[in-house]
Structures are given as structure tokens and as C-alpha cells.
2 protein chains.
Amino acid sequence: MVRILVVDDEAAIRQMLAFALTGEGYITTEACNADQAQDAIHTNRPDLILLDWMMPGLTGVDLARRLKRNPETKDLPIIMLTARGEEHEKIKGLDTGADDYVTKPFSIQELMARIRAVLRRSGKEKEGEILVIDDLKIDLGTHRVTINGQPIELSPTEFRLLHFFVSHPERVYSRSQILDNVWGSNVYIEERTVDVHIRRLRKLLASHGFADYIQTVRSVGYRFSKTINE
Amino acid sequence: MVRILVVDDEAAIRQMLAFALTGEGYITTEACNADQAQDAIHTNRPDLILLDWMMPGLTGVDLARRLKRNPETKDLPIIMLTARGEEHEKIKGLDTGADDYVTKPFSIQELMARIRAVLRRSGKEKEGEILVIDDLKIDLGTHRVTINGQPIELSPTEFRLLHFFVSHPERVYSRSQILDNVWGSNVYIEERTVDVHIRRLRKLLASHGFADYIQTVRSVGYRFSKTINE
DNA sequence: CGAAATATGACAGTTTTATGACAGGCTGGA
DNA sequence: TCCAGCCTGTCATAAAACTGTCATATTTCG
């Protein structure tokens with residue numbers, strides 16, 4: 001489950017990118033300025049950032065520099081979107097810390113290729129990763145979940161939800177945070193729907209003896225935790 | 001538990017904001033003019049102030065300046081609400097000391113994003129904090145309370161109440177101050193209700209060997225304190 | 001002792017979450 | 001293209017959990 005944050009002040013471009021990325025199986029979040037972007041990065045850390053070079057207010061370059069300066073965010077890969085007129089080479093020389101550049105207008109294929117390349121370089125790619133918690137294993141490469149060796153059949157959404165929980169254990173997430181992380185922002189879905197998916201996931205896990213890991217934190221949200229609370 | 005003070009002379013706007021903020025998990029207090037605001041700031045220090053720029057009497061700008069001049073309040077982040085006609089740029093130049101500006105009409109999302117951004121900058125964000133007093137730990141990230149490692153189950157209100165006490169120890173609070181801080185102002189609740197919640201919290205803490213920390217100060221209120229008084 | 005203030009236990013109304021059912025959408029095949 | 005079957009988002013409803021208030025004890029203090 002790779003999450004991509006799209007930062008661009010033009011709604012049309014954001015939407016186009018979101019559409020294309022979603023189609024490729026990425027989860028997208030949008031921000032229309034640097035502030036919103038920072039916000040999104042903190043509440044819902046993406047795996048990669050597509051950043052428009054020109055934006056009103058804090059520009060993409062500034063934001064990139066700032067992110068690269070902060071140790072907490074400096075490993076977040078950034079792909080900068082630049083307009084043709086802006087002289088690629090010159091920009092590259094600016095030492096913004098971006099990991100790659102794409103010149104508008106660009107083809108979707110080209111962008112996707114670069115995204116994959118950057119993700120591969122940053123090691124964030126899904127290949128080969130295996131998450132383990134107790135007897136639960138999530139193999140991202142084969143997209144397979146097993147408990148104690150026994151495979152479990154999960155629907156796509158269940159898989160993403162479990163993946164999210166396993167990679168963010170112990171912390172409470174509100175329903176809307178869960179929606180953002182698992183469904184991607186810019187979807188409008190009833191918050192209660194999260195409950196339903198939680199139930200489905202719980203039922204599946206329970207039927208394999210892996211119960212009580214998804215805990216309800218009343219009036220806050222849910223938490224995935226090994227420590228059973230009494 | 002982040003508290004936000006909303007200062008605006010129009011009741012409708014105050015209510016709308018209070019509703020939206022409460023929905024996001026903030027505790028809100030309202031004031032309809034600068035005087036009330038100052039009052040509220042002293043009896044119930046907020047973590048952030050939403051301040052209308054135009055108000056009868058002392059305007060938002062004046063109040064902001066005053067707060068920023070006072071060393072005790074100068075670190076309180078302020079977000080100024082301005083009407084469109086008021087020329088953003090000009091206002092920014094006024095050196096009011098506000099930390100950010102939002103132009104009316106604004107979208108709730110935008111406001112929330114800016115609030116989070118400002119809170120983040122001021123380090124007041126809820127994430128990751130862990131409060132400790134003796135063997136009592138409150139982990140805001142996982143929303144978990146433990147005594148000596150043993151988890152305690154608290155209801156939402158109990159959690160907020162304990163959180164408030166632990167972050168404001170060694171000081172007496174009247175029942176109405178407690179109501180303001182834990183329930184938010186603009187709720188109409190019997191003062192005696194505080195007693196009941198205190199009792200519930202005491203009982204829970206006592207059952208885990210953490211008794212006598214919440215002390216009754218007769219005819220004044222309650223105090224959370226390590227130093228047991230005789 | 002008597003008034004005032006606080007602690008308690010019980011309770012009913014609310015709020016929040018869990019569940020079961022369902023219909024539209026989508027997918028892969030026929 | 002059409003169909004069967006799986007996914008999914010939403011509801012209505014049931015089930016829990018939480019809360020605010022009261023009436024009634026207890027305690028405190030002059």
C-alpha cells in the first residue's frame with residue numbers, strides 16, 4: 001500500500017494525477033499549498049510526494065528544502081513537477097533535495113515510471129516486504145496473509161486495512177484518519193463504514209484464532225495492538 | 001486535549017466554529033469580545049486562539065497586540081479571522097503578531113489545516129506525548145493509561161479529566177473551571193456532576209493503588225497532587 | 001449539635017459501537 | 001454482451017457503554 005501526496009495549487013491537475021495514481025493502485029492524498037501539505041505529511045505520512053514547483057505562497061522548492069532539512073521527513077522521496085519554461089537543468093542545480101523531476105506536460109507513463117524508480121530506490125517498494133506480528137504474516141510481494149502458516153482470504157479493502165494497522169500498531173486512529181490512510185483522502189465515505197470493515201476484518205482474524213488485536217477506543221477510534229487490554 | 005478559544009462578536013459564527021472544532025476533538029471556549037477573551041485566557045488558558053479581526057470595542061488586532069506584548073501570553077498562538085474586503089496583505093503588514101490568517105468565508109477544512117499547522121509549529125500537538133506522574137502514565141498516542149504498567153480502562157470523560165489533572169497538577173480548580181477545561185465552555189452541566197466524575201476517577205485510580213492523588217479542597221474545588229495532605 | 005459541603009449509589013436517557021441485511025457495482029467467464 | 005459471484009458502502013436495529021442528575025448518606029467545621 002503506497003501512499004502518494006499530490007501537492008499542486010491547480011485542482012484540475014491534482015484530480016488528474018489522483019485519478020491516474022489511484023488507477024495504478026496507489027493511495028493518494030491531495031494538498032493545494034505548502035501548509036496543507038505539511039499538515040498532510042504529519043497526520044498521514046505518505047511514501048512519496050509529487051510537488052509542484054510553482055505555487056503561491058511557499059513554493060515547492062521551499063517546501064522541499066524544508067522537508068529535507070527536517071530529519072523526520074528528510075527520507076521522504078520527492079518528485080518535483082516543473083513547467084517546461086523553467087529550465088530543467090537550472091532547477092536541478094538549485095539543490096532542492098528533490099529526488100527526481102518531471103517536466104509538464106508529461107505523459108502518465110513517464111510519471112509512473114519515475115515514481116516506480118524513485119520508490120524502488122527508496123526501498124519503499126512493495127516487493128519482498130514481509131510484515132510480521134506474532135503469528136500473523138503479511139507478504140506484500142505475494143499479497144498473501146497467513147496466521148500460523150494458514151492462509152487467510154482477505155478482500156482488497158480488508159487487506160489494505162490490515163496492512164495499515166500492522167504497519168502502524170499501538171496507536172489510536174480516528175475513523176477519518178483510517179479513511180485517509182486506507183481509502184485515500186478525497187473520497188467521501190461514511191465514517192461508520194469503517195466500523196463495518198473493522199467488523200469484517202475482526203471476524204476473519206478471529207476465525208483464525210487471532211482475536212482482540214483490533215481494539216475499540218470509545219469516542220476516539222481504533223487501535224491495533226498486541227497487548228490485550230483488560 | 002487541545003483547547004481553543006473562539007473570539008467573535010457574532011454568535012452564529014462562534015457556534016458554527018465551536019461545532020466544527022468540537023467535532024475534530026478540540027475543546028472550545030467562547031468569548032464575544034476582547035474583555036471576555038482576556039478573562040477566559042486567564043481562568044482557562046487555551047492552547048490556541050481564533051480571533052475575529054473586526055469586533056466592536058477593542059478589536060482583534062488590539063487584543064492580539066496586547067497578548068503578544070504580555071510575556072505570559074505571548075506564546076499563545078493566534079489565528080486571525082479576516083473578512084475578504086480587508087485586504088489580506090495589508091493586514092499582514094500590520095504586525096499584529098498573529099501566527100496565521102484565514103479569510104472569511106473559509107472552508108472548515110482550510111481552517112482545520114491551519115489550526116493543525118499552527119499547533120504543530122507551537123509544539124502543542126497531541127501526538128506522541130506521554131505524561132508521567134510517579135507510576136501513572138498517560139500515553140496520548142495510544143490513548144492508554146497505565147499504573148505501574150497495568151492498563152486502566154477509562155471512559156472518555158474520565159480520560160479527559162485525568163488528562164487535565166495530570167497536566168495541571170498541584171493547583172486547585174473550582175468545579176466550573178474543571179467543567180470549562182474538560183467539557184468545554186458553552187455546555188450547561190450541573191456543577192455537582194463534577195463530583196460524580198471525580199468519584200469515578202478516584203475509584204478507578206484507587207483500585208490500582210493510586211489513591212489520594214485527587215484531593216478535595218473544601219468549598220473551593222479539587223486538586224491533583226503528589227504531596228498527600230493530612 | 002446543625003448547617004454546609006461532599007461522597008455515594010442508583011437510574012434512566014443518550015451516545016457510540018456492533019451486527020445483519022441489502023442493493024448496486026465490478027469482474028471474470030461464458 | 002450477459003450472468004453469477006464477490007466486494008462494498010449504507011441502513012436500520014440491537015447491544016453496550018457512558019453520563020448527567022437525584023435522593024440520600026457522610027463528613028467537616030464552627
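Atoms considered below: every heavy atom in the structure, side chains included; atoms not considered: hydrogens, waters and symmetry mates. Every chain is numbered from 1 and lettered A, B, ... according to where its sequence line falls, protein lines coming before strand lines.
Across all strands, A:Thr193 comes closer than 4.0 Å to base atoms (heavy-atom distances). Residue contacts shown for B:Phe159 are absent, as no nucleic acid heavy atom lies under 4.0 Å away. Across all strands shown, B:Thr157 has heavy atoms under 4.0 Å from sugar-phosphate atoms exclusively, and none from any base.
Separation of atoms CG (A:Leu205) and CG (A:Leu136) is listed at 7.0 Å; rounding is to 0.5 Å.
Taking atom NE2 of residue B:His197 and atom P of nucleotide D:dC18, one finds them 12 Å apart after rounding to whole Å. Spacing between atom CD1 of B:Ile198 and atom C1' of D:dT26 amounts to 18 Å, rounded to whole angstrom units. To the nearest angstrom, P of D:dT21 lies 15 Å from CZ of B:Arg199. Residue B:Glu153 contributes atom CD, which lies 18 Å from atom P of C:dT16 at whole-angstrom precision. Rounded to whole Å, the distance from CD on A:Glu158 to C1' on D:dC6 is 11 Å. Remark: P of C:dT19 and CD1 of A:Ile214 are 12 Å apart, rounded to the nearest angstrom. Put simply, CG on B:Asp195 is 16 Å from P on D:dT19, counting in whole angstrom units. Distance B:Leu161 CG to D:dC18 P: 15 Å, rounded to the nearest Å.
Overall bending of the helix from C:dC1-D:dG30 to C:dA30-D:dT1, expressed as the angle between end axes built from five pairs apiece, is 30° (10° steps).
Looking at B:Thr28 and B:Leu17, their side chains never come closer than 4.5 Å, going by heavy atoms from C-beta outward. Residues B:Val182 and B:Ile27 form no side-chain contact, since every pair of their non-hydrogen atoms from C-beta on lies 4.5 Å or further apart. Within the 4.5 Å cutoff, no side-chain heavy atoms of B:Phe224 are placed close to those of B:Val172. A 4.5 Å side-chain heavy-atom check between B:Leu140 and B:Ile138 finds at least one atom pair inside the cut-off.
In this structure A:Ser155 satisfies the side chain to side chain donor-acceptor pair (under 3.5 Å) test together with A:Glu158, sequence neighbours excluded. Checked against salt bridge (charged side-chain N to carboxylate O under 4.0 Å, His left out), B:Asp180 has no partners two or more places apart in sequence or in another chain.
Regarding contacts with the backbone of C:dA5, every side-chain N or O of B:Tyr222 stays at 4.0 angstrom or more from both OP1 and OP2. Between B:Thr216 and C:dA7 there is a side-chain N or O to OP1 or OP2 distance below 4.0 Å. A:Ser155 has no side-chain polar atom (N or O) that falls below the 4.0 Å cut-off from OP1 or OP2 of D:dC6. The shortest distance between the side-chain N/O atoms of A:Trp183 and the OP1/OP2 oxygens of D:dT8 is not below 4.0 Å. Between B:Arg192 and the phosphate of D:dC22, there is no side-chain N or O to OP1/OP2 separation shorter than 4.0 Å.
Screening residues 11-21 of chain A for salt bridge (charged side-chain N to carboxylate O under 4.0 Å, His left out), with sequence neighbours left out, gives A:Arg14-A:Glu30.
Ring pair A:Phe165/A:Tyr173: centre-to-centre distance not below 6.0 Å. Ring-centre distance between B:Phe159 and B:His143: below the 6.0 Å cut-off.
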Write down the protein N/O and nucleotide N/O pairs, taken from nucleotides 12-14 of chain C, whose separation is under 3.5 Å; answer none if there are no such pairs.
none

Show each protein N/O and nucleotides 13-15 of chain D N/O combination with a separation under 3.5 Å, one pair to a line.
none

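Using a 4.0 Å cut-off between charged nitrogen and carboxylate oxygen, A:Arg202 and A:Asp212 do not count as a salt-bridge pair.
Closest contact between the side chain of A:Val196 and the listed nucleotides C:dA7, D:dT8, C:dT19 involves C:dT19. When the nucleotides D:dT10, D:dT21, C:dT17 are ranked by their closest atom to the side chain of A:Arg175, C:dT17 comes out on top.
Counting heavy atoms of neighbouring residues, nucleotides and ligands inside a 6.0 Å radius, atom CZ of A:Arg144 does not exceed 12 of them.
Pairing each heavy atom of B:Asp135 with each of B:Phe210, the nearest pair is N-CE1, 4.1 Å.
For the pair A:Lys203 and A:Ser219, both in contact range of DNA chain C, the more 5′-proximal nearest nucleotide belongs to A:Ser219.
Side-chain atoms of B:Arg200 stay outside donor-acceptor range of the base of C:dG9, with no qualifying N/O pair under 3.5 Å.
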